[in-house]
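Structure, as structure tokens:
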There are 2 protein chains.
Amino acid sequence: MFSQTVEYALRAVAFLGGQAPEARTTDQIAVATRVPKAYLSKVLQGLSRGGVVHSQRGSGGGMTLVKKPEELTILEVVNAVDPICRIQTCPLGLASHGTRLCPLHKRMDKVLAQAEETFRSTTLAEILAEPSESVPLCDFPGVVSRSVS
Amino acid sequence: MFSQTVEYALRAVAFLGGQAPEARTTDQIAVATRVPKAYLSKVLQGLSRGGVVHSQRGSGGGMTLVKKPEELTILEVVNAVDPICRIQTCPLGLASHGTRLCPLHKRMDKVLAQAEETFRSTTLAEILAEPSESVPLCDFPGVVSRSVS
DNA sequence: ATTGAATTGGATGTTGTTGTCCAATTGTCG
DNA sequence: CGACAATTGGACAACAACATCCAATTCAAT
């Protein structure tokens, strides 16, 4: 139900958020998140255009989060690469349905609305801080995920 | 976020539920739901294999719902053609994560769980009966959707 | 200025979804 | 039985998603 692109984008952001504020290279992110390097670069381009990450070229460059984890919602990440598109009008194009959705599409849109809300109300910081048996992207349960550099 | 296949399947089922219990031909469904005929036949095959509809060949044949609308949930339809696949294990394949999801994937799975629940708790009958400005698949607001035959 | 590190963009390949077409099959009806 | 109606299955085409590769560009550091 979620695209690979979304999955990859969230992993990348989770990694960046768990690291020191210094820039991380695409290669570093790819290794840590187990995402194919070449494709990850495309995903990161999307995140960059969407204003989620900042990219810096040249030696010492790499990717950094634009916002602090406390201010970055999952929804922003998702929407940057694969926007949740609410059902606005009748997909059948029935003129009479206009803006009002029929009961069927109301249910489908409800699911989209729930997804939006769940993602909007979750910040990256929450995900990183949440006590859990397994830390995001980290192979050692309960261990604080910190820089390897 | 939803596949075309799911959209088409739901339209087809909504149409069948709004009709008399007699079988409806793929052509009839295609016209009524504005779904490409040839592709619809594939979708209906899926619904048939999934036990949602029954198909009858030959003259006078066509598609019928297996269950009564009151007993058919939207989830059954969705799962027949494009199953909602919950996140069971860590997508990174980290051994240590095992069955426990990290906070990130917990959130993603939560959305899937919400979708499942919304669809599970909605029957076709509810969708057909719900008072609305626009009846499913019907071009005339407020008009009861009934057989054209 | 030169070198090396890093992103960027384009071209390309691969796979899955969507969609079409048609012959074969199975059934009803007269 | 014969004619017709309908699904079934397979092959195929178009397009988007996923993925790879490489040359060009940009920038820091020396």
Side-chain angles (χ1 to χ4, degrees), chain A residues 1-12 15-16 19 22-66 78 80-85 91-92 149, chain B residues 1-12 15-16 19 22-66 78 80-85 91-92 149:
Chain A
M1 196 138 171
F2 295 110
S3 68
Q4 277 300 101
T5 304
V6 162
E7 165 78 25
Y8 293 164
L10 287 171
R11 282 193 214 172
F15 174 72
L16 287 176
Q19 300 299 114
E22 287 89 46
R24 292 295 158 200
T25 224
T26 300
D27 281 24
Q28 291 176 318
I29 305 174
V31 170
T33 59
R34 285 153 160 89
V35 173
K37 184 173 63 178
Y39 189 66
L40 177 62
S41 76
K42 301 297 181 190
V43 176
L44 289 170
Q45 278 182 40
L47 288 177
S48 180
R49 292 197 197 93
V52 172
V53 304
H54 169 73
S55 65
Q56 180 64 27
R57 295 215 252 197
S59 181
M63 302 288 173
T64 49
L65 290 179
V66 168
V78 172
V81 295
D82 194 0
I84 291 181
C85 184
L92 286 93
S149 84
Chain B
M1 196 140 171
F2 296 110
S3 68
Q4 277 301 100
T5 303
V6 162
E7 165 78 25
Y8 292 164
L10 287 171
R11 282 192 213 172
F15 174 72
L16 287 176
Q19 299 299 114
E22 289 88 46
R24 292 295 158 201
T25 223
T26 300
D27 281 24
Q28 290 176 319
I29 305 174
V31 169
T33 60
R34 285 156 160 86
V35 172
K37 184 173 60 178
Y39 189 65
L40 177 63
S41 77
K42 303 295 182 192
V43 177
L44 288 171
Q45 278 183 40
L47 288 177
S48 180
R49 291 196 199 93
V52 172
V53 304
H54 169 74
S55 65
Q56 180 64 31
R57 295 214 251 199
S59 180
M63 302 287 174
T64 49
L65 291 179
V66 168
V78 171
V81 295
D82 194 359
I84 290 182
C85 184
L92 287 92
S149 85

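Each chain gets a letter, A, B and so on, in the order the sequences are listed, and its residues count up from 1.
- The interatomic distance linking B/Glu22 (CD) with D/dA6 (P) rounds to 14 Å, in whole Å.
- Here D/dC22 presents its P atom at 11 Å from NZ of A/Lys37, a figure rounded to the nearest Å.
- Counting heavy atoms from C-beta outward, A/Ile29 and A/Val35 have side chains that stay 4.5 Å or more apart.
- A distance of 8.5 Å separates CG of A/Leu40 from CG of A/Leu47, quoted to the nearest 0.5 Å.
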Nucleotides 3-16 of chain C: protein proximity per nucleotide (B base, S sugar-phosphate only, - neither; heavy atom, under 4.0 Å): -BBSBSBB------
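- With sequence neighbours left out, the side chain to side chain donor-acceptor pair (under 3.5 Å) criterion links A/Thr5 to A/Tyr39.
- For A/Ser3, the side chain to side chain donor-acceptor pair (under 3.5 Å) partners at least two apart in sequence or on another chain are A/Asp82.
- Of the residues in residues 1-9 of chain A, those placing a heavy atom less than 4.0 Å from an atom of DNA chain D are A/Ser3, A/Gln4, A/Thr5, A/Tyr8, in numerical order.
- The side chain of B/Tyr39 places an N or O atom within less than 4.0 Å of a non-bridging phosphate oxygen (OP1 or OP2) of C/dT18.
- For the pair B/Val81 and B/Ala9, the tightest heavy-atom approach, listed with the atom from each and the gap, is CG2-CB, 3.9 Å.
- Among residues two or more places apart in sequence or in another chain, the side chain to side chain donor-acceptor pair (under 3.5 Å) test is passed with B/Arg34 by none.
- Distance B/Leu40 CG to C/dC21 P: 15 Å, rounded to the nearest Å.
- Every residue meeting the side chain to side chain donor-acceptor pair (under 3.5 Å) condition with B/Gln45, not counting sequence neighbours, appears here in chain and number order: B/Arg49.
- Taking every heavy atom of both residues into account, A/Met63 and A/Ser55 meet most closely at SD-CB, 3.6 Å.
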